[in-house]
Amino acid sequence: MIFLVFSSSLNAQDTLSSDELFINARTAAFDEDDYPKAIRITKQALEISPDYADIRIFLGRLYTWTDEVEMARKEFDRVIKKSPGYEDAHLAYGYLEYWNDNPKKALEVVQPGIDKNPDSKGLMMLKAKILNNLERFTEANTTLDELLAFHPNYSEARAFSQTIKNLSSKNQIGVDYDFVYFDERFSDPWHLGSISYGRATALGSVTGRFNYANRFTTNGVQFEVDAYPRISDTFYAYVSGGISENGGIFPRYRAGFSLYANLPKSFEADAGFRFLSFSKSTWIYTASVGKYYSNYWFNLRTYLTPSNNSLSKSISLTVRYYLAGADDFLSLRIGTGLSPDRPENYILYNDDNDIIGTIKQEDLKSSNINLGYRKSINKTNIFSIDLSAENQEYKLDQKGYQFTIGAGYTKRF
């Protein structure tokens, strides 16, 4: 009886079609986590249909997952020779080489697949990752722009494009100007301007910036440096420092640090601190979480400022709608409380400034809204304009509106 049952089982297995065996092999691999069994069944399916490309690619993937790299290469090569440009074969083969630290070989494998399938999401995204690994950032950014032209709602590509955009050009110069008008608080408007120069380095982008401000009819200048060092494909950092001779217009010293993480599902997060030093020093802690979804980017950020057994809280929500590449978008930001990353708020952290008043900054109430537009021309000329309104409490139970219009230009080369 045992012999009859065993023989019947073998006969049943022998009578299965290649498609049915393919299903069984996938079940063994994904549901049972039994790769050796999946390989045996896949080979049986190929005995029936030796030119079944999808089954042979699956066998190559099984070899990839079990570190049988040479066996995997043979299977992928066989499919590509039989069917040049077969998208899934180039994708699986490309990832094999990419995961095994052979980016140049991976690029050789992927490019013929793209030539046959120019709108392939998987192949174009893999090519961008490979070029990033090779530190060919300009080409990686161009590849992502082409990919987003075909698939503008591709969130993963959108997030990756933001990560490498500042590395796609060796140099960039920028000028910015803000005009701030007050309806009640001050009789004279404020003028804020900056000139910057940035350069992509092996460690990440570094930018030096010279800031000018005219507040209370008094001039002040500040010099600061921002850097975004790359730690890995997942992590990068923001490191910033500034110094000023006029401690009443700018903080005498300022510093900032945040650690950023690119997370799965097009999420990102960061946490860090900001430091402002007038006659007294203030530490502000910040954290945010962001998400790319279709053409949108959502970011929720908070600033926490501890002081004298109290805690000042600021929160803002930013939404961007991307019109094309990483430098083409409309933005909306709404928030409450003070942000130390906005230069017009620096002096509100100066408790000794008599013009501002003696109220502690953690007690100030404010709400704000900002609209922005950013546009790139030929990818190297970036123009921006921002409009914002803020209802700011500057003394106890006394509020006033401040309106800001800002414009900027950046040239990459």
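We're numbering straight along the sequence, starting at 1. Keep in mind that the numbers below use all heavy atoms, side chains included, and drop hydrogens, waters and symmetry copies.
Under the 4.5 Å side-chain criterion, counting only non-hydrogen atoms from C-beta, Asn262 is in contact with Tyr236. With a 4.5 Å cut-off on side-chain heavy atoms, Lys170 and Arg199 count as touching. The side-chain heavy atoms of Asp54 and Tyr86, taken from C-beta on, include a pair separated by under 4.5 Å. No side-chain heavy atom of Phe137 sits under 4.5 Å from any side-chain heavy atom of Leu131. Side-chain atoms of Pro306 and Tyr285, non-hydrogen and from C-beta on, do get closer than 4.5 Å to each other. Residues Lys74 and Tyr63 have side chains not in contact (no heavy-atom distance under 4.5 Å, counting atoms from C-beta outward). Annotation: side chain of Leu317 is not in contact with side chain of Asn299 (no heavy-atom distance under 4.5 Å). Taking the side chain as every heavy atom from C-beta outward, Asn24 and Lys37 never approach each other to under 4.5 Å.
A donor-acceptor pair under 3.5 Å is formed between the side chain of Thr138 and the backbone N or O of Ser168. In terms of modelled atom types and a separation under 3.5 Å, the side chain of Ser120 and the main chain of Leu123 share a donor-acceptor contact. At least one donor-acceptor pair closer than 3.5 Å links the side chain of Gln162 to the backbone N or O of Ala326. Of the possible polar contacts, one joining the His90 side chain to the Val109 backbone as a donor-acceptor pair under 3.5 Å is found. Judged by distance alone, the side chain of Ser281 and the main-chain N or O of Ser277 form no donor-acceptor pair under 3.5 Å. Put simply, the side chain of Thr302 gets close to the backbone of Ser314: a donor and an acceptor are under 3.5 Å apart. Between the side chain of Ser244 and the backbone N or O of Val221, at least one donor-acceptor pair lies under 3.5 Å.
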message: Go through it in stages, so that I can follow the logic: the residues are Leu59 and Arg78, the test is side chain to side chain contact (heavy atoms under 4.5 Å, CB included), and I'd like the CA-CA distance, side-chain angles, deciding distance and then a yes or no.
response: CA-CA 12 Å; Leu59 179 59; Arg78 179 166 175 174; over 6 Å; no

- request: Begin from the C-alpha positions of Arg374 and Ser331 and carry the test side-chain hydrogen bond (donor to acceptor under 3.5 Å, both in side chains) through to its verdict.
  value: CA-CA 8 Å; Arg374 191 174 176 96; Ser331 67; over 6 Å; no

field: Test log, rule side chain to side chain contact (heavy atoms under 4.5 Å, CB included), inputs Ile382 and Gln172
entry: CA-CA 10 Å; Ile382 298 96; Gln172 67 176 35; over 6 Å; no

field: Criterion side chain to side chain contact (heavy atoms under 4.5 Å, CB included) on Thr380 and Phe413, from CA distance to verdict
entry: CA-CA 7 Å; Thr380 62; Phe413 57 96; over 6 Å; no

- request: Walk me through it: do His191 and Tyr177 pass the test side-chain hydrogen bond (donor to acceptor under 3.5 Å, both in side chains)?
  value: CA-CA 7 Å; His191 304 272; Tyr177 171 74; 2.7 Å; yes

- prompt: Is there a side chain to side chain contact (heavy atoms under 4.5 Å, CB included) between Asn214 and Asp188 once you walk through the steps?
  reply: CA-CA 10 Å; Asn214 180 282; Asp188 296 307; over 6 Å; no

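Interatomic distance, CG of Leu192 versus OG1 of Thr404, reported as 8.0 Å (0.5 Å rounding). Taken from CG in Asn141 to CZ in Arg412, the straight-line distance is 8.0 Å, to the nearest 0.5 Å. Taken from OG in Ser18 to CD in Gln44, the straight-line distance is 12.0 Å, to the nearest 0.5 Å. The structure places CD1 of Ile173 at 12.0 Å from OG1 of Thr207, a figure rounded to the nearest 0.5 Å. In this structure, CD1 on Ile405 lies 9.5 Å from CG on Asp178, to the nearest 0.5 angstrom. Residue Glu393 holds its CD atom at 9.0 Å from OG of Ser366, rounded to the nearest 0.5 Å.
A donor-acceptor contact closer than 3.5 angstrom is absent between the side chains of Arg274 and Thr282. Checked by atom type, the side-chain pair Ser266/Ser155 shows no donor-acceptor distance below 3.5 Å. For the 3.5 Å distance criterion, the side chains of Ser288 and Asp270 qualify, holding a donor opposite an acceptor. Side chains of Ser196 and Arg209: a donor-acceptor N/O pair is absent below 3.5 angstrom, by distance only.
Between Phe216 and Phe186, the distance from one ring center to the other falls under 6.0 angstrom. Ring centroids of Phe210 and Phe223 are separated by 6.0 Å or more, keeping the two rings apart. For an aromatic pair to be called close, the ring centres must be under 6.0 Å apart, and Tyr322 with Trp297 fails this.
When each of Asn370, Leu371, Asp386 is tested with Arg333 by the rule side-chain contact (heavy atoms from CB on, under 4.5 Å), just one qualifies, namely Asn370. With Arg56 as the partner, the side-chain contact (heavy atoms from CB on, under 4.5 Å) test is satisfied by one option alone out of Asp51, Leu46, Thr42: Leu46. When each of Asp145, Asp327, Asp328, Asn381 is paired with Ser376, the side-chain hydrogen bond (donor to acceptor under 3.5 Å, both in side chains) condition holds for Asp328 and for no other.
Atom NZ of Lys411 is surrounded by more than 12 heavy atoms from other residues, nucleotides or ligands within 6.0 Å. Taking a 6.0 Å sphere around OH of Tyr35, one finds it holds more than 12 heavy atoms contributed by other residues, nucleotides or ligands. For Leu134, the CG atom counts as densely surrounded, since its 6.0 Å shell holds more than 12 non-hydrogen atoms of other residues, nucleotides or ligands. For CZ of Phe257, the number of neighbouring non-hydrogen atoms (other residues, nucleotides, ligands) closer than 6.0 Å is greater than 12. The neighbour count for Tyr401 OH, taken as heavy atoms of other residues, nucleotides or ligands under 6.0 Å away, does not exceed 12. A 6.0 Å sphere centred on CZ of Phe383 holds more than 12 heavy atoms belonging to other residues, nucleotides or ligands.
With sequence neighbours excluded, no residue satisfies salt bridge (charged side-chain N to carboxylate O under 4.0 Å, His left out) with Asp176. The salt bridge (charged side-chain N to carboxylate O under 4.0 Å, His left out) test applied to Glu146 returns no partner, not counting sequence neighbours.
Relative orientation of the Phe182 and Trp190 rings is perpendicular, given thresholds of 30° and 60° on the angle between their planes. Using cut-offs of 30° and 60° on the angle between ring planes, the pair Tyr260 and Tyr228 is tilted.
The two residues Asn211 and Ser194 come nearest to each other via the heavy atoms OD1-CB, 3.1 Å. Counting all heavy atoms, side chain and backbone alike, Lys105 lies closest to Tyr93 at CE-OH, 3.9 Å.
With Phe250 as the aromatic partner, Arg215 meets the cation-pi criteria of under 6.0 angstrom to the ring centre and within 45 degrees of the ring axis. For the pair Arg320 and Phe329, the cation-pi criterion (under 6.0 Å, within 45° of the ring axis) is fulfilled. Taking the ring axis of Phe22 as reference, the NZ or CZ atom of Arg26 stays within 45° of it and closer than 6.0 Å to the ring centre.
Electrostatic pairing of Asp34 and Arg40 does not count as a salt bridge here, judged by no charged N lying under 4.0 Å from a carboxylate O. Remark: Arg73 engages Glu97 in a salt bridge, criterion side-chain N to carboxylate O under 4.0 Å.
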